[in-house]
There are 2 protein chains.
Amino acid sequence: MTKAGSDGTLRRRILDATRHLLVAEGYTSLSMRKIARAIGCSPTAIYLYFQNKDALVHTLIDEGFGLLYEELREEAARHDDPVARLEALWRRYVAFGLRNPEYYEIMFMLHPERMERYPPEKYRRARRGLELSIQTLEEGRRMGLFAIEDPRVTASAAWAALHGAVALLLARRLDVRIDPEAFIDTTIRTLLRGVLAPEALPQMAAK
Amino acid sequence: MTKAGSDGTLRRRILDATRHLLVAEGYTSLSMRKIARAIGCSPTAIYLYFQNKDALVHTLIDEGFGLLYEELREEAARHDDPVARLEALWRRYVAFGLRNPEYYEIMFMLHPERMERYPPEKYRRARRGLELSIQTLEEGRRMGLFAIEDPRVTASAAWAALHGAVALLLARRLDVRIDPEAFIDTTIRTLLRGVLAPEALPQMAAK
DNA sequence: TTGCGCTGGTTAACGCTGTTAAGTTAAACA
DNA sequence: TGTTTAACTTAACAGCGTTAACCAGCGCAA
């Protein structure tokens, strides 16, 4: 008999069940016992495929980074103009976060002490998304479109800003009087104005 | 015999011990039993003064918001020029977060589902800090210094951006090749350029 | 055909968690 | 002196991540 009772390897079923539980009940209520119950195996069976709970979640984090990178890469390929590409990347990042709150939470919102266990080597993979922004900023700067110093620093600052916006929205801590769409728009337009060269600025304001 | 064995009410000693444990070991490892052990009482004694663990933490969150607001209010009073005041408020916010990571974590980084239990009425108090930014933006806009639409939305967007920066730094997820100071500086200068009116812009770049 | 070893699980247990119910001690007061 | 009450403790429940020990069934060599 092959691995796992019903369909697919038990490993795959564990990952699927974990993702579903994450969507349904959030990270804090995720437990090994619940996962096991959901797929009808004993809690300890999970340890045959994952070293511990962290390793299991890290595997899902990897999946999440893969999805995000694919979206960003596809978006980047669609725009030649660095300014348009940068804005598109930023909007896509926010959209991804809001569309995949469960992935986003484990990818970016886990507490520091937990995240330290995430292998640094995997961070490099996670940073590929940022590279797209860095390259775009670099390219635009050479064309005189952006007034920035270090593209890497600017890209990180912008990414952090977007993360703040997504985190605020996901936590539902935005003032109820504020329209989320207007909030996202203001965030992105402010950042864009912040990096655009003065001579490239009026063109954007006209939009 | 009065409340609490040694000095101060037991309630006060619980709060102090919790804050110290938070500093020393972080939120995730905080437990009622540890708090009790630290002050030499039984775990259940805490429930005489706080409804549950959440209520205990919420009390500390309140303390944190009080501290933050005091710092921001003092900072705001020091600057007449709206542009200088805005920048000072933003820098002070980041500095507070980095100087009080344990407060910051429970104030702004707890998971959504936990934060929902935080009474909405207390959020209003927490928002007082944001009001300082809103007023400054409003005032500066009347003087033609800021090119913004809704001060409330812009203030929220900027705050979210700063939160993203602080969260990134506290989680130590910033690329090691990037100097934290440069990162903060870029974040704040980008935001400032993003809200400044074009005619007020060169004045800043000269700084 | 018998018996060994491996694969893929299981059950039982440890020490931890937040929280509740019931019990206890000592002071305050009629 | 007897009773009430405030302040706290002990014992327990259910759930948590994780480990150690065990066991069923299969492939395969003797």
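Residue numbering restarts at 1 for every chain, and letters A, B, ... go by the order of the sequence lines. Since the structure is predicted, the reported quantities are computational estimates derived from the model, not experimental observations.
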Student: Using whole Å, report how far OH of B:Y49 lies from C1' of D:dA7.
Tutor: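 Taking atom C1' of D:dA7 as the reference, OH of B:Y49 is at 6 Å.
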Student: Apply the ring-ring contact (aromatic ring centres under 6.0 Å, His included) test between B:F108 and each candidate in B:Y103, B:Y27, B:W159; give the one that qualifies.
Tutor: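 Exactly one option meets the ring-ring contact (aromatic ring centres under 6.0 Å, His included) with B:F108, and it is B:W159.
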Student: Which part of the nucleic acid, if any, lies within contact of A:I46, taking any heavy atom under 4.0 Å across all strands shown: a base, the sugar-phosphate backbone alone, or nothing?
Tutor: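 The answer is nothing, as A:I46 stays clear of every strand by at least 4.0 Å.
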Student: Does this structure show an ion pair linking B:R13 with B:D16, if we count only N-O contacts that are shorter than 4.0 Å?
Tutor: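 The answer is no: the pair does not qualify as a salt bridge.
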Student: I'd like to know if B:R73 pairs up with B:E70 as an ion pair, taking the criterion as any Lys NZ or Arg NE/NH1/NH2 lying under 4.0 Å from an Asp or Glu carboxylate oxygen.
Tutor: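 A salt bridge links B:R73 with B:E70.
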Student: Please report the distance, rounded to the nearest Å, between CE in B:M32 and P in C:dT19.
Tutor: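 It works out to 6 Å between those atoms.
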Student: Send over the distance from B:R11 CZ to D:dA6 P, rounded to a whole Å.
Tutor: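 Spelled out: CZ on B:R11 to P on D:dA6 is 18 Å.
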Student: Is there any protein nitrogen or oxygen under 3.5 Å from a nitrogen or oxygen in nucleotides 10-12 of chain C, and what are the pairs?
Tutor:
from: C:dT10; atom 1: OP1; to: A:S42; atom 2: N; distance (Å): 3.4
from: C:dT10; atom 1: OP2; to: A:S42; atom 2: N; distance (Å): 3.0
from: C:dT10; atom 1: OP2; to: A:S42; atom 2: OG; distance (Å): 2.4
from: C:dT11; atom 1: O4; to: A:T44; atom 2: OG1; distance (Å): 3.2

Student: Closest approach to the side chain of A:R37, judged atom by atom: which nucleotide of C:dG8, D:dC16, D:dC8 is it?
Tutor: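 The listed nucleotide nearest to A:R37's side chain is D:dC16.
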Student: Taking atom C1' of D:dT18 as reference, at what distance in whole Å does atom NZ of A:K34 sit?
Tutor: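 Rounding to the nearest Å, NZ of A:K34 and C1' of D:dT18 are 18 Å apart.
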Student: Would you tell me if any nitrogen or oxygen in the side chain of B:Y47 comes within less than 4.0 Å of OP1 or OP2 on D:dC8?
Tutor: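 Answer is no, no contact under 4.0 Å.
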Student: Hey, which of these two, A:S31 or A:Q51, hits DNA chain D nearer its 5' end, going by closest nucleotide?
Tutor: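 The answer here is A:S31.
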Student: When rounded to the nearest 0.5 angstrom, what is the spacing between CD1 in A:I148 and CZ in B:R193?
Tutor: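 Reported value, rounded in 0.5 Å steps: 10.0 Å.
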Student: CZ of B:R33 versus P of C:dG15: gap in Å, rounded?
Tutor: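 Rounded to the whole Å, the gap is 14 Å.
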Student: Does a side-chain N-to-carboxylate-O contact under 4.0 Å join B:E74 and B:R78?
Tutor: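 Judged by the 4.0 Å cut-off on N to carboxylate O distance, B:E74 and B:R78 do form a salt bridge.
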Student: Ring centres of B:Y104 and B:H163 under 6.0 Å apart?
Tutor: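 Centroid separation for B:Y104 and B:H163: below 6.0 Å.
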Student: Distance check needed: C:dT17 C1' versus B:L30 CG, whole Å only.
Tutor: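 In whole Å, C:dT17 C1' and B:L30 CG are 12 Å from each other.
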Student: Take the C1' atoms of the five end pairs on each side of the helix from C:dT1-D:dA30 to C:dA30-D:dT1, get both axes, and report the angle to 10 degrees.
Tutor: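 Angle reported: 40°, given to the nearest ten degrees.
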Student: Where the side chain of A:T59 meets the backbone of A:A55, is there a donor-acceptor pair that is under 3.5 Å apart?
Tutor: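 Judged by distance alone, yes, a pair lies under 3.5 Å.
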Student: Salt bridge or not for A:E75 and A:R91, using N-O below 4.0 Å?
Tutor: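 Between A:R91 and A:E75 there is no salt bridge, as every charged N stays at least 4.0 Å from the carboxylate O atoms.
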Student: For B:I14 and D:dC8, what is the distance between atoms CD1 and C1' respectively, to the nearest whole Å?
Tutor: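 Answer to the nearest Å: 11 Å.
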Student: Less than 4.0 Å between a side-chain N and a carboxylate O, is that true for A:D150 and A:R152?
Tutor: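 Looking at A:D150 together with A:R152, the answer is no, because their closest N to O distance does not fall below 4.0 Å.
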Student: Under 4.0 angstrom, heavy atoms only, what part of the nucleic acid is A:L56 near: base, sugar-phosphate, or nothing?
Tutor: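 Counting heavy atoms under 4.0 Å across all strands, no contact is made by A:L56.
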Student: Using atom NZ of B:K53 as one end and atom P of C:dC16 as the other, report the distance to the nearest whole Å.
Tutor: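 Whole-Å distance recorded here is 15 Å.
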